[in-house]
Amino acid sequence: MAMGHQLRPLAIVSASSMPTSLISRNVAVIGAGASGLVAARELRREGHKVVVFERENQIGGTWVYDPRVEPDPLSLDPNRLIIHSSLYSSLRTNLPREVMGFRDYPFIAKTDKTRDPRRYPGHREVLFYLQDFAREFEIEDMVRFETEVVYVGLVEGSKKWKVRSKKKRGDNDVEVASDFRFFDEIYDSVVVCSGHFTEPRVAEIPGISSWPGKQMHSHNYRVPEPFQDQVVILIGSAASAVDISREIAHFAKEVHVASRSVADETYQEQPGYDNMRLHSAIECVRDDGSVVFQNGRVVLADIILHCTGLSLSECLNFKASGLLVFYQVGSHSHHKRR
């Protein structure tokens, strides 16, 4: 179980402080994931006119499973085709459903045979819940699907926001500038709900530039079968690393988990598996394909799998100008852009 969070709005962008009396405003919400859906509902409840921009063809955000992976297995190439989902096929929540739902729309188990009634359900059940929520409150009426925001900025001399979006003209898989229609619109406020953990974090390993094996980040992991008969070095010890190491151990020849949170001399067999070992961190790799651990062990490996998480990065995947203030409801983190 490696993914779960309370479903809360991410960020609000406004040119002025909130008014003391209710004034109906035109509001753009960017993203139709969990945060965008509830933000749109609350804004409409308060009498505002809301448009939700969603670049995909359905609601759900990070909970939409995509079997595709990026052409760059490490997701470091800035010009790569970006796949926004990090879900793997077997992923379940690591929070019970009771704490994942919205306050007035609890995430209760359904009796329908197509649903997952477990307390820690699979990712598909979370998406179904969000779809139920959107249907119950008629949120999809406000959503512009397959419409991506590319620019947000203050209109000169005013307190309003210019939002530029693009929508594809046809079904061509190759993105060409002429295939898009662009739209400029003016809004009183903008709510940014597009997430803020976006860039894969990769471990720094001495000698890696000349190491001949394959590397990939867990962002691009979906199923375990490609690891059949491979010797795998898996870096990480958090929830996703635990999930993935156990899953691929049923297919791989060997799985060696490298963790920087254990003592340097650590070398342990993992209970229940005769082909998985826990090591201390990697000391270096060599051009003969070997991986040297801080415990002194040396393993000739086929692949290094970085289960090292995502970086807290710039919230915006579009250009922006003006003062934008971001905050995470219920936490102390915030981000400002000037």
Side-chain angles (χ1 to χ4, degrees), residues 1-3 62-92 94 123 195 197-261 270 273 275-293 297-313:
M1 297 177 289
M3 194 173 191
T62 192
W63 292 103
V64 176
Y65 175 74
D66 190 338
R68 298 176 301 162
V69 296
E70 297 180 357
D72 173 10
L74 284 175
S75 298
L76 297 178
D77 181 358
N79 298 314
R80 72 191 186 278
L81 171 66
I82 296 177
I83 305 299
H84 296 283
S85 173
S86 294
L87 296 179
Y88 40 92
S89 180
S90 64
L91 184 142
R92 293 172 59 188
N94 60 359
H123 59 79
F197 287 97
T198 57
E199 294 299 323
R201 186 169 53 234
V202 174
E204 296 182 3
I205 305 171
I208 197 64
S209 61
S210 58
W211 189 71
K214 180 181 177 182
Q215 294 186 78
M216 67 178 289
H217 190 277
S218 58
H219 169 70
N220 292 306
Y221 175 81
R222 297 293 183 270
V223 293
E225 285 80 2
F227 296 89
Q228 183 74 48
D229 299 326
Q230 301 281 293
V231 176
V232 182
I233 308 296
L234 186 147
I235 303 175
S237 55
S240 293
V242 173
D243 273 3
I244 294 172
S245 64
R246 292 174 177 176
E247 188 165 74
I248 65 177
H250 295 290
F251 294 85
K253 181 180 179 181
E254 299 173 14
V255 178
H256 297 270
V257 179
S259 173
R260 63 182 182 182
S261 60
Q270 295 300 87
Y273 300 88
N275 64 339
M276 183 159 56
R277 304 288 185 273
L278 174 65
H279 297 257
S280 49
I282 295 174
E283 183 172 290
C284 67
V285 295
R286 298 170 178 164
D287 57 11
D288 63 355
S290 60
V291 176
V292 182
F293 296 91
R297 302 274 176 165
V298 180
V299 174
L300 191 64
D302 298 298
I303 183 169
I304 295 176
L305 175 54
H306 297 255
C307 295
T308 41
L310 302 173
S311 297
L312 177 61
S313 60

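Keep in mind it's a predicted model, so treat the numbers as computed, not measured.
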Closest non-hydrogen contact found for V64 with S85 is O-OG, 3.2 Å
For E70, which residues count as a side chain to side chain contact (heavy atoms under 4.5 Å, CB included) partner, sequence neighbours excluded? S75, R80, I82, I83, H219, N220
Strictly distance-based, threshold 3.5 Å: is any side-chain N or O of W211 a donor or acceptor partner for the main-chain N or O of D287? no
Taking R222 for its side chain and D66 for its backbone only, find out whether a donor-acceptor pair lies under 3.5 Å. yes
Between D243 (side chain only) and L91 (backbone N and O only), is there a donor and an acceptor less than 3.5 Å apart? no
Any heavy-atom pair between the side chains of I244 and Y88 that's under 4.5 Å? yes
With sequence neighbours excluded, residues passing salt bridge (charged side-chain N to carboxylate O under 4.0 Å, His left out) with R277: E269
CD of E225: more than 12 outside heavy atoms within 6.0 angstrom? yes
Show the nearest heavy-atom pair for residues P200 and L74, with the distance to one decimal. CB-O, 4.1 Å
Within the distance-only criterion (no hydrogens, no angle test), does the side chain of D302 pair as donor or acceptor with the backbone N or O of V231 below 3.5 angstrom? yes
Any donor-acceptor pair under 3.5 Å from H123 side chain to S89 backbone: yes
Which atoms form the tightest heavy-atom contact between D288 and P212, and what is the distance? C-CG, 4.3 Å
Polar side-chain atom of R201 near backbone of G309 as donor-acceptor pair, under 3.5 Å: no
